[in-house]
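Structure first, then comments.
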Amino acid sequence: HDYAPVGYDGGLILSTASGKITNNASYDDWDIDISDISTAPILVDDTLVVGTQAGYIEGYEAGNGDRRWRHKVLEEAINGLAAGRNGIFATGKYNAIGGLLVGESMDARSHVESLLDSFVTAGEYGVDTSEARGHLARASEALYEGDYQDAIDAVDSGQAVLSEDLDIIESTREQIRTTRDQARQIAGQSNYDPAPILDQLNQSATALENRNPAEAKRLADEAAAEVSDTEAGYRNARTQISDLESTIAKARRDDIPLMNATGALNESRQAFNASEFGASGSTASEARGSLETRMQLIRQYRSERDEMETAMAQAEEQNIQIDEATNIRNKATSKFQDEEYRQARESMIQAVVTARETIETANKAQKHIDAAETFDPIAPFVTEMAQQLGSKSALERAKRAYEEGQYETALNEATTARDQQLQARFIIDGGVVTAIAGGAAAKRYDALSRVSELIADSTGDEDIEEL
């Protein structure tokens, strides 16, 4: 390095005669280039100060390298700098001496120079500066007289006059630049032709040069909106095509019929290559949605089909007839073969439900039949009483219905047989309890004898009621 390093905040600021200045602090590295640097940098508080070949003293923030201010103090190259208590002093190549007062003076000078820069920009684009020129004159006079705050206030007033027009100009220039970059980036990644947009942006730039910022802004805004829409469509189309490709790969792994998905993918790619990004994205999106729906339906159908196979195996093992469920299953299979996947799934779900309900009803019926067949009460005459109430015939009907696969009827008849058996037990046991409660053992046996006679002799409803 050509100049002595400057220590700052635990690091070193290094500089060369070519204008390369670097802060090597590991936590906040930065570097800048000052092409016409003519002095070694000095540090004034937290500001790095250099002199230039054009006679300027420039101040940079030592923490990040941003320029804070720039003031011309000599009409010749500066070859030496020194910092005093109240100012920064410079010596020139031909022995001229100049400098700057620091503090309020420095701040006011920076404000005035910023207004001068705004005047230059405004003049380039034909902005009316007559009102702002009066504020600049007042600021210069206040600066000369040492009224630094008045100078700053005058500058602020001048900037306010120019700011609206300058903000439009600056934002339009920035929009032209960024929109150009966007259009070229899209063109670099696709077959998109940016020529019409670039031509419109050139027209916007020309309008600026011709001092017509309103027209320039209109053209730039239109171009930016179109490129933004194009970029959004481009990104969406890429995403939709990628998602469709991924979905097709999953469908192939799961042996799902692709139907028109591959054709839609090719159509979407062709539209993308033709820069028809909107059509490309919508085609791929619709195809992916249709394929994902079909995948879901088929997976659910297959799951229900497996459930049905399990139910059929269970029915066969228990010798249960599930003809209705089997018929529904066959219809579901036929619909699936006809590619009516939604109806196939619904039918297969119905088949499984019907099979499960049939098996459950058959098991309940068999349980009640078994209980009725093994009815063996301890108390005398209960079985005879149950038969008289009709339990035997109900049990026979239940068995016949079960053998015929009419499990709901079998369950109802078997339940009736069991109810009649329990009713008989209640009648007999009730008579015995009543006799005991009366306290006469003889009456108990008389009651049983009378019940026996009624069972033996009864032939009609009237006898049953007496019983």
Side-chain angles (χ1 to χ4, degrees), residues 1-121 124 136 139-140 143-144 146 148 151-152 155 159 166 170 173-174 177-178 181:
H1 289 79
D2 300 309
Y3 296 122
V6 177
Y8 175 73
D9 201 19
L12 291 176
I13 298 176
L14 309 175
S15 55
T16 68
S18 62
K20 181 76 171 179
I21 300 179
T22 304
N23 178 7
N24 71 349
S26 60
Y27 53 86
D28 193 17
D29 290 350
W30 57 261
D31 60 76
I32 56 175
D33 286 301
I34 308 172
S35 60
D36 64 341
I37 189 172
S38 60
T39 69
I42 63 172
L43 192 65
V44 180
D45 296 327
D46 60 350
T47 300
L48 189 71
V49 181
V50 299
T52 71
Q53 296 287 348
Y56 284 89
I57 297 178
E58 298 181 356
Y60 296 84
E61 187 172 341
N64 56 29
D66 292 342
R67 192 170 77 180
R68 287 180 167 176
W69 45 261
R70 180 173 183 261
H71 300 295
K72 189 172 183 66
V73 296
L74 295 178
E75 295 299 328
E76 57 189 66
I78 298 174
N79 62 6
L81 291 175
R85 186 176 62 179
N86 297 317
I88 300 172
F89 305 99
T91 58
K93 181 178 180 180
Y94 301 106
N95 299 321
I97 299 176
L100 293 171
L101 295 177
V102 297
E104 293 181 354
S105 169
M106 186 73 71
D107 193 21
R109 288 177 181 274
S110 298
H111 274 69
V112 171
E113 291 214 359
S114 69
L115 182 56
L116 287 171
D117 290 340
S118 297
F119 261 90
V120 172
T121 303
E124 290 175 354
L136 176 61
S140 300
L143 187 63
Y144 177 77
Y148 302 123
I152 292 173
V155 168
Q159 293 284 26
L166 289 179
E170 290 300 324
R173 290 170 64 183
E174 179 63 17
R177 185 188 66 78
T178 57
D181 291 344

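What you see is a predicted model, and the numbers here were worked out from it, not measured in a lab.
- Taking CH2 from W30 and CD1 from I13, the interatomic distance works out to 5.0 Å, rounded to the nearest 0.5 Å.
- Considering only residues two or more places apart in sequence or on other chains, D36 meets the side-chain contact (heavy atoms from CB on, under 4.5 Å) condition with I34, T52, Q53, A54.
- Here the side chains of D46 and Y8 are in contact, with some heavy-atom distance below 4.5 Å.
- Here OG1 of T47 is found 13.5 Å from CZ of R67. Values are rounded to the nearest 0.5 Å.
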For residues 74-81, dump all side-chain donor-acceptor pairs below 3.5 Å to protein atoms at least two apart in sequence or in another chain.
{"unit_1": "E76", "atom_1": "OE2", "unit_2": "K93", "atom_2": "N", "d": "3.0"}
{"unit_1": "E76", "atom_1": "OE2", "unit_2": "Y94", "atom_2": "N", "d": "2.4"}
{"unit_1": "N79", "atom_1": "OD1", "unit_2": "T91", "atom_2": "OG1", "d": "3.0"}
{"unit_1": "N79", "atom_1": "ND2", "unit_2": "G92", "atom_2": "O", "d": "3.3"}

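- Listed here is the closest heavy atom pair of S18 and I37: C-CG2, 4.2 Å.
- No donor-acceptor pair under 3.5 Å is formed between the side chain of W69 and the backbone N or O of H111.
- Nearest heavy-atom pair across G7 and L43 is O-CD2, 3.6 Å.
- For E61, there are no side chain to side chain donor-acceptor pair (under 3.5 Å) partners two or more places apart in sequence or in a different chain.
- Atoms CG and OG, on L115 and S140 in that order, are 8.0 Å from each other to the nearest 0.5 Å.
- Between V50 and I21 the shortest side-chain heavy-atom distance falls below 4.5 Å.
- Contact record, G99 with V73: O-CG1, 3.8 Å, taken as the closest heavy-atom pair.
- Residue E58 holds its CD atom at 11.0 Å from CG of L48, rounded to the nearest 0.5 Å.
- In this structure, the separation between CD1 on I57 and OG1 on T39 is 8.5 Å, given to the nearest 0.5 Å.
- The environment of CD1 in I97 is sparse: at most 12 heavy-atom neighbours from other residues, nucleotides or ligands sit within 6.0 Å.
- Summarising the geometry of S114 relative to V155, their closest heavy-atom pair is OG-CG1, 4.3 Å, with the distance given to 0.1 Å.
- A distance of 10.5 Å separates OH in Y60 from CG in D66, rounded to the nearest 0.5 Å.
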